[in-house]
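Side chains are part of it too, since the values below use all heavy atoms of this structure and drop only hydrogens, waters and symmetry mates. Naming convention: chains lettered A, B, ... in sequence-line order (proteins, then strands); numbering from 1 in each chain.
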Amino acid sequence: MGLGEESESRVEPEASPALVLSNAEIADRLASLAQLLSSQKENPYKVRAYQRAAARIRTFSESLDEMVRHDADLTRYEGIGEAIASAIREIVLTGTLGKLEKLRESATPEVFSISQYPRLDPKRVLRIYKKLGIASTEELRRRLENGEIDRMMGARMAQHVRQGLTETHAMLLYRADDLREAVEQYLLGPCGARRVEVAGECRRRVEVVEELVFVVETGDFPAMVSRLQRYGGRTPLLGAAKDHASFALSSGVILRVQLARPDAWGLQMVVCTGSKAHLKELKRVTGSLRALKASGSNFPTETALYEKFGLAYIDPELREGYGEVAQAMGGTLPALVTAGDIRGDLHAHSTSSDGSESIEEMALAAKARGYEYIGISDHSQSLKIARGVSIDDLWAQIRRIDLLNGKMRGFRILKSAEVDILADGSLDYPDDLLRELDYTVCSIHSRFGLGEKAQTERIMRAMDNPYFHILGHATGRLLLKRPGYSIDVDRIIGHARQNGCFFEINSSPDRLDLSAENARRAAAEGVKIAVSTDAHAGRELDLIRCGIDQARRAGLTKATVLNCQPWEALQRSFKR
DNA sequence: GCCGTTTTCGGCCCGACTGTTTTCAGTCG
């Protein structure tokens, strides 16, 4: 998008830079090799080593091709040893990899065709082929599009195939932040930008990013565009006009840069930040933004633009078209929660279950962050793989925390547990033990496959237990990996309100569960939400920033976030 | 294949549960 003066045109690939292999092309070959080795049942650690190296290479901003030609030592990078370094050299110098070609020759036609899509897992795809009686990637794509893979193989498999077959790839926000940093440095350094600011999904803190957008100021835009084509060796230009351009980054994310003059900077930031839904709301007040630009009005900052139309400044996280423009006009925008409002973490693990630091260490880490409390919520007895705490051990842990609290000043360790919600909706500890805890986080870790109705009622039954307090990661989703189990969120929100239960925004970057949309619905019904990290080590308490991003996207304020309260108030909230 | 090092090879997390099945391999944190 952007307010381009002319529409984008397809650009023919340049002749000479094509001789340079891009990091993406090198990574693809290593990934294909991993596929073929995997389908030959090679040592899985070897397979993973190639996959890891391929993934790593996609994040490089320097050109591997150039490094090889300058005889740089590639083994200084983690995950690249002698063997993979020499494979990369061979790819760069000969354009091919003998080992890969050989394996391709001996592969079945099915596996050969799968290896054209380096992100597909051949084992999984072969299972699909067998079950659906098909044998080609074209057929695979067709069955994906008509929903058959979803129906026959499940949503998870469908997601894998979808990601494997498409060329653009979404990326977790917190990985995109690293990429953003690298591209920003590249824009300011080699590209000679005077000013760079990130916009788009990254700025709105959307949990999964498909496009990196920058607003830039430079005296020589064409030079910047040509320099960007050499990012990571070679970065294909997808299209360009005189004031904007987009590129296909190695990682599969689209990079878009929009040129802006200082006097139109604010306007371009608004347009490039989006979202589409926000801009639609905004245009009802401002009229066409394109016309606004043509009028030559002066909008050096976003605030200048919003102010001119009688709007308060709208935080980027709120720009999703949920009525924020009307709120900005009426002066009723929420004061979004910030990391500084958080008084403690209500979901952390310790060495008692699958954490890597002791209760004392976790407490010290929380105290060092300026928190007033930390809730130790270790896994319950049934979750064997996470070394769930036995009934006896939890009794002992309760007594130990009491002792520790006796020695702490101005800080409190809360006695909690992440209690499994069992298949029948009962909780994984007896009531007389649950009663001794300050509160509980109750979560589903098994039987994801129950249908929506059964899963919903399972959670509602669990909420009927008077010692149920916070529903942990409500849908079990893992972003870009697993869609989560199906539940009727509205029914569960209603039941939570009735029973005095709460939700959690789990801050793990690949969970962020509740979603912003569901958190918004819960808050609208008056159900408070804990923003928790699920930390398994002291440093993971930092992940709270990811949860805060999500909470802000949901429009949550200090008053709607459970752990913005001091312990005394919290204690009252947990009385049912 | 990489890493670390106790320098020459073993570990790379793991163990119970699940299944319009695949009786093994995928899955849950």
Any strand: nucleotide that pairs with dT8(B) via Watson-Crick or wobble, under 3.5 Å: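 Base partner found: none.
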How far does the [atom1] atom of [N] sit from the matching atom of [M], given to the nearest Å?
| N | M | atom1 | result |
| --- | --- | --- | --- |
| dT21(B) | dC17(B) | P | 22 Å |
| dT20(B) | dG15(B) | C1' | 27 Å |
| dC28(B) | dC13(B) | C1' | 13 Å |
| dT5(B) | dG11(B) | P | 15 Å |
| dG1(B) | dT8(B) | C1' | 16 Å |
| dC9(B) | dC14(B) | P | 22 Å |

d([atom1], [X]; [atom2], [N]) in whole Å:
| X | N | atom1 | atom2 | answer |
| --- | --- | --- | --- | --- |
| L383(A) | dG15(B) | CG | P | 14 Å |
| E78(A) | dG1(B) | CD | P | 18 Å |
| M152(A) | dG19(B) | CE | P | 18 Å |
| E42(A) | dG1(B) | CD | C1' | 9 Å |
| D121(A) | dG26(B) | CG | C1' | 11 Å |
| K131(A) | dT21(B) | NZ | P | 5 Å |
| L478(A) | dC28(B) | CG | P | 8 Å |
| L450(A) | dG19(B) | CG | P | 9 Å |

Using a 4.5 Å cut-off on heavy atoms from C-beta on, say whether the side chain of L383(A) contacts that of D354(A).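 Contact flag for D354(A)/L383(A) side chains = no.
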Taking the side chain as everything from C-beta on, heavy atoms only, tell me whether V125(A) gets closer than 4.5 Å to Y117(A).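 The answer is no; the side chains never approach within 4.5 Å.
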Respond yes when some side-chain nitrogen or oxygen of [X] is under 4.0 Å from OP1 or OP2 of [N], and no when none is.
| X | N | result |
| --- | --- | --- |
| R477(A) | dC28(B) | no |
| R124(A) | dA25(B) | no |
| K384(A) | dA16(B) | no |
| R387(A) | dG29(B) | no |

With a sphere of 6.0 Å drawn around CZ of R521(A), does it hold more than 12 non-hydrogen atoms of other residues, nucleotides or ligands?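 Counting neighbours around CZ of R521(A), more than 12 heavy atoms of other residues, nucleotides or ligands fall under 6.0 Å, so yes.
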Counting neighbours of NZ on K415(A) that are heavy atoms of other residues, nucleotides or ligands and sit closer than 6.0 Å, is the number greater than 12?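 It does: K415(A) NZ has more than 12 such atoms within range.
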Give [X] one of three labels, base, sugar-phosphate or nothing, depending on what nucleic acid heavy atoms sit under 4.0 Å from its own.
| X | result |
| --- | --- |
| N43(A) | base |
| I84(A) | sugar-phosphate |
| R482(A) | sugar-phosphate |
| R151(A) | nothing |
| H349(A) | nothing |

Among side-chain atoms of S508(A) and N506(A), is any donor-acceptor pair under 3.5 angstrom?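 Short answer, yes.
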Do the ring planes of H379(A) and H445(A) sit parallel (below 30°), tilted (30 to 60°) or perpendicular (above 60°)?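 It falls in the perpendicular class, over 60°.
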